[in-house]
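In what follows, chains are A, B, ... by sequence order, proteins preceding strands, each numbered from 1. Computed over heavy atoms, backbone and side chain alike; hydrogens, waters and symmetry mates excluded. None of the values given here were measured: they were computed from a predicted structure.
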There are 2 protein chains.
Amino acid sequence: MTARPGGRSARVRAAVIDATFAELAEGGYLRLTVENVATRAGVHKTTVYRRWGTVDELIADALEHSRDADWPVPDTGSVEGDLIAVADDVARTFADPARRTAPVAVVAAALQSSRAREAMARFYADRHRRAAEVVSRAVARGELPATTDAVELIRLTCAPLFYRVFVTGEPVDREVAERSARAALAAARAGLL
Amino acid sequence: MTARPGGRSARVRAAVIDATFAELAEGGYLRLTVENVATRAGVHKTTVYRRWGTVDELIADALEHSRDADWPVPDTGSVEGDLIAVADDVARTFADPARRTAPVAVVAAALQSSRAREAMARFYADRHRRAAEVVSRAVARGELPATTDAVELIRLTCAPLFYRVFVTGEPVDREVAERSARAALAAARAGLL
DNA sequence: CTCCTATCGCAACTTTGGTTGCGTTAGCAT
DNA sequence: ATGCTAACGCAACCAAAGTTGCGATAGGAG
């Protein structure tokens with residue numbers, strides 16, 4: 001009747017989640033199978049099937065587990081610099097074949113399971129909330145109107161990059177990141193957010 | 001040795017593509033299997049496997065086949081009205097559970113096959129090119145600087161909507177569409193595109 | 001220390017997506 | 001009209017994902 005979060009269960013869970021990340025980094029969403037993850041984790045596949053059920057649940061769990069990973073909020077001194085830094089971080093991630101696999105797989109999983117979709121939504125909501133700090137600082141400095149929707153400005157900054165990656169298939173680089181950030185900033189300065 | 005594009009092959013292809021759309025509208029990407037499509041098309045599954053191979057190829061083919069479908073370019077008299085119309089069309093599509101399945105499935109397919117990815121890229125490149133007409137008219141009317149990148153303005157208008165649908169999982173409505181269009185327009189007027 | 005049971009390992013089984021070999025049908029050319 | 005062959009239908013086959021029943025193991029409580 002009693003749960004056992006401190007013992008074997010915790011070890012198994014940690015091993016499986018680590019294996020999920022490792023498999024994801026290697027082969028992306030396509031190569032991510034329950035069996036491969038189980039084998040790499042040194043665990044039997046039935047264990048994974050019983051506790052998670054599908055690869056999408058695995059990704060959802062891995063995503064929630066990684067939310068507390070530290071992500072540095074940029075602080076360059078100006079909103080423009082900060083927003084460009086945020087955008088450039090996204091652009092660099094997608095430009096790197098090794099690092100892009102994880103977020104791409106997350107989106108793929110979110111398209112197939114509601115658990116993964118919710119986990120992804122929470123992940124990005126959290127990240128946006130944290131990134132919104134650069135907007136708060138800007139408002140405090142008088143760079144932006146006090147009515148500015150901070151999170152919306154962050155969304156507007158990142159959206160064009162994701163759009164290129166997932167919809168139009170166009171490359172993302174520093175130039176695109178700067179343009180996105182400046183465009184979003186122009187809207188904010190115009191008091192549209 | 002001779003090809004036979006006019007006879008049975010053409011009928012089979014049309015039936016299969018129609019069945020692909022129908023299956024897609026019903027159950028989305030998850031329910032889309034080669035067997036279901038073949039059965040609905042009144043064709044044996046081996047035929048579909050031999051000519052297309054995977055569901056992603058099916059989607060890619062269906063997408064290329066639907067590219068010539070007419071899509072009305074809005075003409076409200078002002079750029080703002082036109083851009084809002086473009087954005088609202090996207091928002092309405094994603095807000096309708098029946099109509100959203102197709103584009104969502106296309107993105108899902110694009111994440112798993114390069115053929116689907118290329119087909120999707122071509123599809124949206126074509127649509128952007130056509131929608132860019134509203135920008136050309138605006139430049140002709142003197143509403144926007146002549147240096148404006150028309151396609152980039154269209155991308156900026158649509159990006160936040162797709163971002164909400166595929167990344168943050170937030171709803172899209174008329175209000176979001178208007179804000180996206182106005183934000184993109186502000187950037188264009190500032191000469192940032 | 002000892003018992004209880006949640007959880008895991010294992011092997012066998014079921015289901016389903018995908019493949020192959022072969023005979024049949026139906027366009028197209030002559 | 002008639003022969004040729006590309007394309008299709010069919011059934012049997014293969015591989016891999018996912019399931020189930022059962023015995024074994026190891027935390028945690030008393």
Enquirer: When you measure only distances, ignoring hydrogens and angles, does the side chain of B/Arg50 come within 3.5 Å of the base of D/dG9 through a donor and an acceptor?
Expert: yes

Enquirer: Would you say B/Tyr49 reaches C/dG18's phosphate, i.e. side-chain N/O to OP1/OP2 under 4.0 Å?
Expert: yes

Enquirer: Using a cut-off of strictly less than 4.0 Å, decide whether B/Arg11 has a side-chain nitrogen or oxygen near OP1 or OP2 of C/dG27.
Expert: yes

Enquirer: Measure distances between side-chain N and O atoms of A/Lys45 and base N and O atoms of D/dG18, and say whether any donor-acceptor pair falls under 3.5 Å.
Expert: yes

Enquirer: Under a single-linkage rule joining Ile, Leu, Val, Met, Phe, Trp and Tyr whose side-chain heavy atoms are separated by less than 4.5 Å, which residues share a cluster with A/Phe21?
Expert: A/Ile17

Enquirer: Nearest-Å distance, CZ (A/Arg13) to C1' (D/dG27)?
Expert: 18 Å

Enquirer: C/dC8, C/dG18, D/dC10: which one has an atom nearest the side-chain heavy atoms of A/Thr47?
Expert: C/dC8

Enquirer: Taking atom P of D/dG9 as reference, at what distance in whole Å does atom CD of B/Glu35 sit?
Expert: 14 Å

Enquirer: At under 4.0 Å between heavy atoms, what does B/Thr46 touch on the DNA or RNA strands: base, sugar-phosphate, or nothing?
Expert: base

Enquirer: Let me test you: for the helix from C/dC1-D/dG30 to C/dT30-D/dA1, what is the angle between the axes at its two ends (five pairs each), rounded to 10 degrees?
Expert: 40°

Enquirer: Does A/Val151 share a hydrophobic cluster with B/Tyr163, counting links as ILVMFWY side-chain heavy atoms below 4.5 Å and allowing steps through other members?
Expert: no

Enquirer: Just to be sure I understand the rule, does A/Thr54 reach a base, reach only the sugar-phosphate, or reach nothing, if contact means heavy atoms closer than 4.0 Å?
Expert: nothing

Enquirer: Could you please name the option among C/dG9, D/dG18, D/dC8 that lies closest to any side-chain atom of B/Val12?
Expert: D/dC8

